[in-house]
Amino acid sequence: MASIKPLFDQVANGSAHSSPSPQESTFDSSYSNPATPAGVSSADVSGEPVRKRHRMRDEKVCGVCGDKALGYNFNAITCESCKAFFRRNALKPKPDCLFQGNCVVDVRTRRFCPSCRINKCFTIGMKADMILDDAEKRARMEKVVENRNRRFVSHEKMEHPARAEPRQEDQGSSHSVLTTALLKSESPKEIPVRHYGLPKPSQARMFHHPPRELLPSDPQFYRRLTEEEKWTLNDISTAYQATIATLHGAEVDPNPPKANPSLNELINSTDETVRQLIRFVGKVVDFQQMRKDDQVSCLKNSVMQSVLMRSACVYILEKDVFLCSKGEVSTSFLKKAVNNASVYSAHVNFCKSMKSIILNNYTLWALAQILALFNPCGAAIIDREMLSTLQDKYIILLKHYLESEFSFTFATEYLVAIQDMLSDLKMLGEAYTTIIFNVNPTEIEPLLLEVFNLK
DNA sequence: TTAGCCTTGATC
DNA sequence: GATCAAGGCTAA
């Protein structure tokens, strides 16, 4: 919080301003030297040894309100709050003072009169032209993104040299390093072993979308999808939307949700979700063309992940609730039913992360669902090669879609985030499978007994 | 809206 | 590596 101690100290030892009235500027000689370039501390100017810099930094006082300052902001020494205040207000039309235009601006009163505060900012030499304009902000953000990508690539090279270097056989194919990484993400060897097999972060990894204005305006930065790709994307998106739509208020269940459901009740509540999943895969042409026994295996192998993914799809980030046929249900109901704090928090964090990336983009939800479905490593699969080929197809389709929507510049970030999310999903699915293994089968719906292998 | 903390690139 | 000075994020 703001502190007035530095002012008291200076008055006590007589080092600073000779009893300035609140109206007078309280800045010392180092503020008032307009020749002092930003970035050069008063210690440099006065010839103080460099080792004293930190001490000097602690002793600075805001020229506007007298609060503790860390250094120069917009050409004058100010505290964090006056810096933020100036940034927000310097370019806006000046407000009128409700009094005589000579209000006291100190730590206590600085909020009372924006007019006198902004005047004092200008008086002590703060410069509005040092606030970055939109073009400068944009350039700055582009540099941040560029560096992030560079750091990511070098990190990948250090952590996974084999992934970073394209293999001979990949040369000339449309598989990028990242695509290869995604392809390999299902390999059991590469799944990190963690406690309960759950994702490590205690907090959700929130994805920050690049601001609209940062997306390139030049069409050459976007992939043009083939007609076939467009049809496929349209088909799966429509199919997904149609099956998720039943949750979005079409069939409202008049009975309120139970506040503390048991684990059995929780499992049984997924019955409709599983039926939606079956309806969805029934509309995916590539799934229909698979041999029947592999269709069943694929469905069983991915059902837990699919249910979890659909819970994320109906998760409302702003309210921390699931939107189901009974209305909005707080995520806290999971806590009691699951009775496992790590699984519960991993589930909620997964929903937050996934929703922060995909938002309400049904094409991406559908693609993520299909990638969970087509897993050549799954149990009891007979034609693994075909499943691997289908997996390739949808990974590339996902990459192309991201490039068409978010540009070549930003597609990588999305792809990496989705890859991480699918890894987390796999581990969360395994944790849930362990938990539901011990339920009493007599209380579980027949369809769920079958798909969850609980018989 | 404010104010504090954080991240970042530039500079020394 | 330390420091400075921008903007971003977010609880209050």
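Residue numbers begin at 1 in each chain, while the letters A, B, ... track the order of the sequences. These numbers were taken from a predicted model, which means no experiment stands behind them.
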Under 3.5 Å between N/O atoms: give me all the protein pairs with nucleotides 7-11 of chain C, atom names plus distance.
from	atom 1	to	atom 2	distance (Å)
C:dG7	OP1	A:Leu132	N	2.8
C:dG7	O4'	A:Arg140	NH2	3.4
C:dG7	N7	A:Arg87	NH1	2.8
C:dG7	O6	A:Lys83	NZ	2.7
C:dG8	N7	A:Arg87	NH2	3.3

statement: From CG of A:Leu70 across to P of C:dT3 the rounded distance in Å is 12 Å
- request: Please determine if a side-chain N or O atom of A:Arg111 lies less than 4.0 Å away from the OP1 or OP2 oxygen of B:dT1.
  value: no
- prompt: Do any N or O atoms from the side chain of A:Lys399 and from the backbone of A:Leu415 form a donor-acceptor pair under 3.5 angstrom?
  reply: no
- prompt: Salt bridge or not for A:Asp271 and A:Arg275, using N-O below 4.0 Å?
  reply: yes
Given A:Leu398, A:Ile357, A:Leu233, the one that forms side-chain contact (heavy atoms from CB on, under 4.5 Å) with A:Leu364: A:Leu398
message: How many whole angstroms separate atom CD1 of A:Ile118 from atom C1' of B:dT1?
response: 14 Å
- prompt: When the aromatic ring centroids of A:His347 and A:Tyr432 are compared, is their separation below 6.0 Å?
  reply: yes
field: A:Tyr72 OH to B:dT11 P, straight-line distance once rounded to whole Å
entry: 18 Å
field: Any donor-acceptor N/O pair under 3.5 Å between B:dA3 base and A:Arg88 side chain
entry: yes
- request: To the nearest Å, give me how far apart CZ (A:Arg117) and C1' (B:dT2) are.
  value: 8 Å
- request: Assess the pair A:Phe408 and A:Phe221: is the distance between their ring centroids shorter than 6.0 Å?
  value: no
task: Tell me whether the centres of the aromatic rings in A:Phe406 and A:Tyr222 are closer together than 6.0 Å.
output: no
message: Can you measure A:Lys60 atom NZ to C:dA5 atom C1' for me and round it to whole angstrom units?
response: 12 Å
